[in-house]
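Remarks on the structure that follows.
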Amino acid sequence: GNKNIVLCEGEVMRFKPGIQKDFVSRWLQLTPISLQYFENRTKVFRASANDQYQNGPLMSVPIDAIEMACIPDSRSYEI
């Protein structure tokens, strides 16, 4: 259904600390139910096949959890 529609996707660069101070390419997908973080774009296409446990996202965050973290509590501003 509509839960698996990709609303937005793209590459992000994650900082990799160390002597060379390099960046590692990662791939994000936003769906109506989650933000998914993949090792690379190739893993996205493999995850849609039968082998989701080996090729799925490194992390998946429910949109509900993101919304809860972003809603300010008006009581926290009381003095």
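In this structure, CE on Met59 lies 8.0 Å from CG on Leu28, to the nearest 0.5 angstrom. In this structure, CD in Glu9 is found 12.0 Å from CG in Leu35, a value given to the nearest 0.5 Å.
Note on Val6 and Ile66: separate hydrophobic clusters, where clusters join Ile, Leu, Val, Met, Phe, Trp and Tyr whose side-chain heavy atoms are under 4.5 Å apart, directly or indirectly. The hydrophobic clustering, which links ILVMFWY residues whose side-chain heavy atoms are closer than 4.5 Å, places Phe23 and Val12 apart.
Considering every non-hydrogen atom in both Gln36 and Pro57, the closest pair reads CB-CB, 4.1 Å. A pairwise comparison of heavy atoms in Leu7 and Pro32 identifies CD1-N, 3.8 Å as the closest pair.
For Arg26 (side chain) and Phe38 (main-chain N/O), no donor-acceptor pair under 3.5 Å exists by modelled atom type.
At a threshold of 4.5 Å between non-hydrogen side-chain atoms, the residues Ile63 and Thr31 do not count as touching. For the pair Lys21/Phe15, a side-chain contact is recorded, criterion being any heavy-atom separation below 4.5 Å from C-beta on.
Residue Glu11 places its CD atom among more than 12 non-hydrogen atoms of other residues, nucleotides or ligands, all under 6.0 Å distant.
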